[in-house]
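Each remark here refers to the structure printed beneath this line.
Below, chain A is the first sequence line, B the second, and so on; all start at residue 1. None of the values given here were measured: they were computed from a predicted structure.
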There are 2 protein chains.
Amino acid sequence: MLVSTRGRYALRVMIDLAEHQGEGYIPLKEIAERQEISEKYLENILKILVRNKVLIGLRGKGGGYRLAKSPDLYTVGSILRMTEGSLAPVACLAEDAERCSRMASCPTLPMWTKLDKMITEFFDSITIADLMSSSLPGDNYVI
Amino acid sequence: MLVSTRGRYALRVMIDLAEHQGEGYIPLKEIAERQEISEKYLENILKILVRNKVLIGLRGKGGGYRLAKSPDLYTVGSILRMTEGSLAPVACLAEDAERCSRMASCPTLPMWTKLDKMITEFFDSITIADLMSSSLPGDNYVI
DNA sequence: GTCTCTACCAACCTTTCTAGTAGGTTTATA
DNA sequence: TATAAACCTACTAGAAAGGTTGGTAGAGAC
């Protein structure tokens, strides 16, 4: 599995917040309810997004979360890299991979590299705004 | 990680055997040595390929493994599906996934479906013959 | 007929990742 | 000061990854 629940939920939250922009700070409880995701689990995911300054969290009564910037300024790729760590299709291409001694002669490496590039370009070509329900699904984020 | 060692090793074995076609049956020991993979672990992987009739195993002295068909008749996709089970980038798209109640309104589903199609088409467009060292790496299995 | 080489098979193991849960602390508003 | 919220640390059950152990069965050479 390339993308786990962490990344998928993060994207859904981003879209949810994008659709409720201008309504001030949205409490976690509300998002969790709408998205049918456990509050406590979601908390862990939103923490990552706040740390990366994608979301702004406000404490106390009337607090909650909101997007730091406009939805068209966030690519799906950037959100997934934050939450998933790496989007590499194979271990050898992960940033923290130990250098493989067979690299120079590996007959499969060019294939993996090419796929990695395809995936990266795909995710980086789509923004949160593209995913919003107001968009026609399936055709507007053509690669 | 989309593709684990199981799938990667399987591909390397297929290429290895393709490059030693016409030399009769190649014992596991030899492959393991050349590929620097533990014999015992490789055994588990080859079992899958034999079960799927991609390789033919012969026991006893002089035994070993050989490809059942020509290398250009095996796509990378078919080998990976055998060994990895599923190549779906997200859980919702796996064959054995339980039907998600949000499917109809999910704003991210079209993106996942599109990526899944891209990945499948990529892997199905490359054969073991394309990966052999005699090929120029990087340009001949253009999608 | 038995020795050796080989594939084949079932079970087990360790480490890491996934998908959470529990319980408390801090900050802001009413 | 009560309450609503984010924030923080730690824990956990289960699954998957990446193997290992110890055998059984078949085929050829002597």
Side-chain angles (χ1 to χ4, degrees), chain A residues 1-10 12-13 17 24-33 35-66 68 80 83-92 94 96-98, chain B residues 1-10 12-13 17 24-33 35-66 68 80 83-86 88 90-92 94 96-98:
Chain A
M1 217 59 51
L2 188 67
V3 180
S4 69
T5 53
R6 289 242 302 288
R8 284 191 288 132
Y9 289 177
R12 279 168 52 188
V13 169
L17 286 175
Y25 288 87
I26 313 288
L28 174 73
K29 199 178 169 182
E30 237 180 76
I31 307 172
E33 215 160 89
Q35 297 296 327
E36 294 172 288
I37 300 170
S38 130
E39 279 181 54
K40 277 303 193 175
Y41 187 40
L42 211 48
E43 205 179 285
N44 292 319
I45 297 170
L46 292 209
K47 197 162 34 177
I48 303 173
L49 297 176
V50 171
R51 197 166 48 223
N52 281 281
K53 309 216 187 288
V54 163
L55 297 186
I56 293 167
L58 183 71
R59 297 191 194 194
K61 207 163 189 169
Y65 297 92
R66 66 172 181 83
L80 290 182
T83 47
E84 295 286 328
S86 168
L87 292 176
V90 287
C92 356
D96 58 345
E98 51 184 65
Chain B
M1 216 60 51
L2 187 67
V3 180
S4 69
T5 53
R6 290 241 301 289
R8 284 190 288 132
Y9 289 177
R12 278 167 53 186
V13 168
L17 286 175
Y25 287 87
I26 313 288
L28 173 74
K29 200 178 170 180
E30 238 179 75
I31 308 172
E33 217 160 88
Q35 298 296 326
E36 295 173 287
I37 301 170
S38 128
E39 281 181 52
K40 277 303 194 178
Y41 187 41
L42 210 50
E43 206 179 284
N44 292 320
I45 296 170
L46 292 208
K47 197 163 36 179
I48 304 173
L49 298 175
V50 170
R51 197 165 50 223
N52 282 279
K53 307 215 189 291
V54 163
L55 297 186
I56 294 169
L58 183 70
R59 296 190 195 195
K61 208 162 189 168
Y65 296 92
R66 67 174 180 80
L80 290 182
T83 47
E84 294 287 328
S86 168
V90 288
C92 355
D96 58 345
E98 51 184 65

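Taking 4.0 angstrom as the limit, A/Ser4 places a side-chain polar atom (N or O) nearer than this to OP1 or OP2 of C/dA19. Side-chain N/O atoms of B/Tyr65 include none lying less than 4.0 angstrom from OP1 or OP2 on C/dT6. A sub-4.0 Å separation between OP1 or OP2 of C/dA19 and a side-chain N or O of A/Thr5 is present. Listed pair A/Tyr25 / C/dA28 fails the phosphate criterion, with no side-chain N or O lying under 4.0 Å from OP1 or OP2.
The separation between A/Tyr9 atom OH and C/dT18 atom P is 13 Å, rounded to whole Å. The distance from atom NZ of A/Lys61 to atom C1' of C/dA28 is 10 Å, rounded to the nearest whole Å.
Across D/dG22, D/dA4, C/dT27, the shortest atom-to-atom separation from the side chain of B/Lys40 is found for D/dG22. Taking every side-chain heavy atom of B/Lys47 into account, C/dA10 is the closest of C/dG20, C/dA10, C/dG23. Considering only the side chain of B/Pro27, C/dA7 comes nearest among C/dT26, C/dG23, C/dA7. Comparing D/dA10, D/dT20, C/dA7 by their nearest atom to the side chain of A/Asn44 picks out D/dA10. For B/Val50, whose side chain is taken as the heavy atoms from C-beta onward, the closest listed nucleotide among C/dA7, C/dC8, D/dC8 is C/dC8.
Closest non-hydrogen pair, B/Ala91 versus A/Met1, comes out as N-SD, 3.2 Å.
For A/Gly57 and B/Ser38, each mapped to the nucleotide of DNA chain D holding its nearest heavy atom, the one lying further toward the 5' end belongs to A/Gly57. Sequence order on DNA chain C of the closest nucleotides to A/Leu58 and A/Glu39 puts A/Glu39 first from the 5' end. Comparing A/Leu46 and A/Gly60 by the nucleotide of DNA chain D that holds the closest heavy atom to each, the one mapping nearer the 5' end is A/Gly60.
B/Glu84 contributes a side-chain N or O that, together with a main-chain N or O of B/Ser4, makes up a donor-acceptor pair within less than 3.5 Å. A donor-acceptor pair under 3.5 Å links the side-chain atoms of A/Arg12 to the main chain of A/Gln35, judged by distance alone.
None of A/Leu17, A/Leu55, A/Val13 except one satisfies the side chain to side chain contact (heavy atoms under 4.5 Å, CB included) rule with A/Ile26; the exception is A/Leu17.
Here the CD-CD distance, from A/Glu39 to A/Glu43, works out to 8.5 Å after rounding to the nearest 0.5 Å.
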